Amino acid sequence: MADILVVAELTAEGKVRKTTHSAITMAKLAQPALGGSFSILVLGPSAKAAAAELTGFGAAKVLACEDQSLANYVAEHYAPTVAAVGKAFGLVVACASSFGKDLMPRVAAKLDAAYAGDCSGVSVNGTKVVFKRPMFAGNAFGHVELGTAIQVATARQSEFEPAAPSGGSSPIEAVAKVAPGAAASRVEFVSLEAVKSARPDLGEAGVVVAGGRALKEKFFDVLNPLADTLSAAIGASRAACDAGYAPGDLQVGQTGKIVAPGLYFAIGISGAIQHIAGMKGSKTIVAINKDAEAPIFQLSDYGLVADLFQAVPALVEDLKKHKAQKG
Amino acid sequence: MKILVALKRVADPANHNKVKIPATGEKIDTAGLEWQINPFDLYALETALRLTEDGKAPKTRLGEVVAVTLGPAETETNLRSALATGADRAIRVDTTDDALDGRLVAAALQKLVEEEKPDLVLMGKQVVDGENNYVGQALAELLDWPMATFAATIKEEAGGLLVGREVDGGVCTLRVKFPAVVTVDLRIVSPDSVRSSKTAEGFKYPYEEVRFAPLPAIMQAKKKPLAVKKLADLVGGATLSSKYVKFEAPPARKAGVKVKDVAELVQKLATEAKAI
């Protein structure tokens, strides 16, 4: 029997990020194989306050490592503590956000653990956890078992429903920060330039409106009204980001954000396989493109062959009318 | 500056939708797809070249770039192409793809780094076939070196690098001191995203993405040193710890309908998909 440790992720303001709830879901799915409980580890300068947000999810314990030196996340400062706490567990998980992807392989190496990154599912084979992983830009899935005494894995946020509070009150326990190694003395946090946006987070939005290079300098002029009408997040193709029409952190695709909203608009996006890998899990896909042969139409539920500079403003008007009628 | 660049060959990324998985699920069949260097590793090689030159005179190497791969003899083609692009020498660790997992690759690279003693190890942020995003960070931990992952900009400073990293919701800037491990993201190959201490501020590379090797360089690359090592000499008897028990193809997504205009689209979204 072995227990599972979930590493929580906090926002710059010290609140629990929703990515944490997806990692909790992964832990719960793996639990039947290992037969033990799960606990949550929170690190940061206000870890105890954040830990209090996580006491209602059924964890055996919520461990809080509160230390001012953890104010700005740097892997070399976090990994020694995560590994020291993780030693007592059979499986250590986090969300495959940029935080989890940066930190967890380092933790795995410290624990001499095998690693399954960016998993889209977990199943149980007797006492083995089987991790399902997207590969080849989502054109294949591999089911992998890890053979080390401790295992480490990260969960693709869009594939694990965020855990809902299940009641109860897990005890909060303080843990001390472990002194970092030589690596930490040679890395310095300089700045985090956060892009401020009133829109929902791309990874968490129910509706995503994504644009391609065809939008040119009018990228935001065209997409903002549509995103406003639908309370949507804005995404972009790699071509639009590379051309400088949209910032890099909006990129949807194999190497950008992986999203799976209820409704996805691909506007002026032809549908390169790297882009499709980032959005094909969406429930309903709408494509608007003036090229009737664009590959995106092979997977869209609704395709409209039209000039997007006319179609998108018209769509905004019709959606507003629809909303007004619906009340 | 001495830089070690780790490269992996992958099946042609532009045709990953053509991979075949037999009904028994025992493998991913990439037959018919051309082998290429993982795109992110190519970007790492370009980054290494930019860091060891004055952008104005890219033919003169002001440092040493060593390209490394793990794989069968055919992967020497990929190493020769790295040499033609500008790397000084290459090392191939003789093995096969199915004899490797992330832990073994990281352990083998650790030994190579301890032998070669570079100031910097560069590689792509992930390989586009396995997509595990593991080796760079694991290598940094094994060496107890600082790291900067998902690098989108790099500026050389005295004794280290200033690295802009693409993270959720913005850009995180770290300063790392040598020796260090850096994994690179897409935008590292923008014309002005990497600057060595020799390259003038404001300099822009006159091409998109990565440089190509001119024909004479391809000929010369055949004479550059390429050493071969045995995997067992680096990692001893270490064995695989990740075991893929099954592969499967994703469920096919069928093409939907074309709508004639915006009005029909809104009507279908409301009544059929119930998405608005």
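Keep in mind the model is a prediction, meaning the values are calculated, not measured. Within every chain, numbering begins at 1; the chains are lettered A, B, ... in the order of the sequence lines, protein sequences first and strands thereafter.
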Pairing donors with acceptors under 3.5 angstrom, does anything connect the side chains of [X] and [Y]?
X: A/Gln157; Y: A/Thr19; answer: no
X: B/Tyr244; Y: A/Arg133; answer: yes
X: B/Glu248; Y: A/His143; answer: yes
X: B/Arg187; Y: A/Gln251; answer: yes
X: A/Tyr115; Y: B/Gln137; answer: no

Exercise. Tell me the residues of residues 182-192 of chain A whose non-hydrogen atoms fall below 4.5 Å from those of chain B, in number order.
Key: A/Ala182, A/Ala183, A/Arg186, A/Val187, A/Glu188, A/Phe189, A/Val190, A/Ser191, A/Leu192

Which residues in [range] have any heavy atom closer than 4.5 Å to a heavy atom of chain A?
range: residues 269-276 of chain B; result: B/Leu269, B/Ala270, B/Glu272, B/Ala273, B/Ala275, B/Ile276
range: residues 27-36 of chain B; result: B/Ile28, B/Thr30
range: residues 165-179 of chain B; result: B/Arg165, B/Glu166, B/Val167, B/Asp168, B/Gly169, B/Gly170, B/Val171, B/Cys172, B/Thr173, B/Leu174, B/Arg175, B/Val176, B/Lys177, B/Phe178, B/Pro179

Non-hydrogen atoms of chain B under 4.5 Å away: do they reach the side chain of [X], the backbone, both or neither?
X: A/Asp112; value: both
X: A/Arg106; value: both
X: A/Pro134; value: backbone

Backbone of [Y] reached by a side-chain donor or acceptor of [X] within 3.5 Å:
X: A/Glu76; Y: B/Met147; value: yes
X: B/Ser190; Y: B/Asp192; value: no
X: A/Asn139; Y: B/Lys18; value: no
X: B/Glu131; Y: A/Ala137; value: yes

Self-check item: Heavy-atom pairs under 4.5 Å with chain A, option from B/Lys268, B/Glu208, B/Lys258 with the top count
Solution: B/Lys258

Practice problem: Could you tell me whether the side chain of A/Asn289 reaches within less than 4.5 Å of the side chain of A/Leu308, counting heavy atoms only? | Solution: no

Quiz item: Side chains of B/Ser241 and B/Asp101: closer than 4.5 Å at any heavy-atom pair?
Solution: yes

Quiz item: Is B/Lys155 atom NZ crowded by more than 12 heavy atoms from other residues, nucleotides or ligands, each under 6.0 Å away?
Solution: no

